[in-house]
Novice: 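Could you have a look at this structure, given as structure tokens, before my questions?
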Number of protein chains: 2
Amino acid sequence: MLLDIAEVARRSGLAPSALRFYERRGLIESSGRNGLRRTYDAGTLGRLALISCARLAGFSLAQIGRFLVATPSDTVLRARMAERAEELDQEISRLTRMRDSLRHAAICTHTPLVECPEFKARIEGIDPSRTP
Amino acid sequence: MLLDIAEVARRSGLAPSALRFYERRGLIESSGRNGLRRTYDAGTLGRLALISCARLAGFSLAQIGRFLVATPSDTVLRARMAERAEELDQEISRLTRMRDSLRHAAICTHTPLVECPEFKARIEGIDPSRTP
DNA sequence: CCTTGACTTGAACTGCACTTCAAGTGGCAC
DNA sequence: GTGCCACTTGAAGTGCAGTTCAAGTCAAGG
């Protein structure tokens with residue numbers, strides 16, 4: 001099943017220009033052409049989902065390109081993957097706290113919002129309802 | 001207790017140039033000068049921690065600037081905060097899966113790593129050790 | 001066949017978060 | 001007092017991930 005660029009863009013949530021950019025960078029490839037127009041097989045959607053996840057995780061496109069072709073013998077790259085996994089672990093904690101702070105800020109009555117003790121406590125990961 | 005720019009940079013993990021940039025953007029302010037040199041009070045470190053968290057959470061500096069002065073009557077802004085909290089919830093899930101995939105990739109024997117079924121399953125959030 | 005609209009291209013541009021530069025200043029240690 | 005080094009400034013530059021532009025092409029529908 002072949003998809004045109006508009007369909008891949010629609011289903012991936014990426015702009016056509018981004019798809020062309022990624023192709024130029026070697027991250028994806030079109031499987032053929034209908035006239036001049038790119039056609040993609042359905043596997044491209046999975047590839048784009050992975051790219052989007054990796055971007056969200058803070059990888060640059062250059063890095064993503066390298067990971068996409070990495071093999072078990074790429075020991076330096078794998079070390080970097082492991083390292084980034086641990087960094088992500090910490091970032092996930094921070095983001096969770098940020099999420100909680102934002103939820104609180106959305107209902108808080110303190111002025112300014114960011115000076116609210118509970119906002120601050122949530123950013124720092126302190127549970128203010130508990131006293132040590 | 002006053003800190004100089006080098007000390008704030010060291011403790012915040014940000015470059016001096018970034019601190020000057022943030023000051024120009026109104027995100028932080030120095031509390032005074034020692035000669036020409038900026039001095040900061042310790043509260044600046046907390047402010048910078050918040051800014052770093054917000055950047056990690058995907059907010060632009062312009063947005064962060066607005067949040068820093070937001071009050072409970074800023075209803076549009078608060079709606080945006082709540083909305084972003086929910087987006088973050090989903091991103092946290094995705095990042096958790098990415099972390100798990102990377103951990104797996106670091107030890108996997110599949111070539112190329114990203115085509116490993118378990119790698120893919122972890123990205124998609126499927127537990128491959130369980131069959132539905 | 002004709003028309004239309006969405007594709008194509010390469011290169012220039014944009015937005016954002018910084019960083020660097022070059023010339024000057026001045027705190028502070030000796 | 002002297003000298004060194006890290007600060008200062010404003011403006012230009014950098015890196016990155018795209019986007020837009022202008023001119024051309026062509027698939028597909030009527």
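No experiment lies behind these values; they were computed from the predicted model shown. Chain A is the first sequence line, chain B the second, and so forth, proteins listed ahead of strands; every chain is numbered from 1.
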Novice: In whole angstrom, what separates E23(A)'s CD from dG10(C)'s P?
Specialist: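 One finds 11 Å between P of dG10(C) and CD of E23(A), rounded.
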Novice: Tell me: CD1 of I64(A) to P of dC16(D), nearest whole Å?
Specialist: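 For the pair I64(A) CD1 and dC16(D) P, the rounded distance is 13 Å.
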Novice: At under 4.0 Å between heavy atoms, which parts of nucleotides 17-30 of chain C does protein reach? Answer with one letter per nucleotide, 5' to 3': B base, S sugar-phosphate only, - none.
Specialist: SBBB----SBSS--
Novice: With sequence neighbours left out, write down each residue that passes side-chain contact (heavy atoms from CB on, under 4.5 Å) with R97(A), or none if nothing qualifies.
Specialist: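 side-chain contact (heavy atoms from CB on, under 4.5 Å) list for R97(A), sorted by chain: S93(A), R94(A).
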Novice: Inspect the contact between D89(B) and R103(A) and indicate whether a charged nitrogen and a carboxylate oxygen are less than 4.0 angstrom apart.
Specialist: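 Salt bridge between R103(A) and D89(B), a charged N being under 4.0 Å from a carboxylate O: yes.
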Novice: State, to the nearest 10°, the angle formed by the axis through the first five base pairs of the helix from dC1(C)-dG30(D) to dC30(C)-dG1(D) and the axis through its last five.
Specialist: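 Computed angle between terminal axes is 20°.
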Novice: Is a salt bridge present between R80(A) and E87(A), judged by a nitrogen-to-oxygen distance below 4.0 Å?
Specialist: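 Judged by the 4.0 Å cut-off on N to carboxylate O distance, R80(A) and E87(A) do form a salt bridge.
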Novice: Using only side-chain N and O atoms of R38(B), determine if any of them is under 4.0 Å from OP1 or OP2 of dC7(D).
Specialist: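 No.
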Novice: Look at R47(B) together with D41(B) and state whether they make a salt bridge at an N to O cut-off of under 4.0 Å.
Specialist: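 Salt bridge flag = no for D41(B) with R47(B).
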Novice: Indicate yes or no: does E91(B) engage R99(A) in a salt bridge with an N to O separation below 4.0 Å.
Specialist: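 So E91(B) does not pair with R99(A) through a salt bridge.
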Novice: Salt bridge or not for R20(A) and E23(A), using N-O below 4.0 Å?
Specialist: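 Looking at R20(A) and E23(A), the cut-off is not met.
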Novice: I'd like to know if R122(A) and E118(A) make a salt bridge, using a cut-off of under 4.0 Å between side-chain N and carboxylate O.
Specialist: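 Result for this pair is yes, salt bridge flagged.
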Novice: Quick one: L19(A) CG to dA6(C) P, roughly how many Å, whole number?
Specialist: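 Nearest whole value for this atom pair: 16 Å.
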Novice: Nearest whole Å is fine: how far is dT9(D) P from I5(B) CD1?
Specialist: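 Between P of dT9(D) and CD1 of I5(B): 9 Å.
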Novice: Using the rule that Ile, Leu, Val, Met, Phe, Trp and Tyr join whenever any side-chain heavy atoms are under 4.5 Å apart, tell me whether Y22(B) and L2(B) fall into a single cluster.
Specialist: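 As far as the 4.5 Å side-chain criterion goes, L2(B) and Y22(B) are not connected within one cluster.
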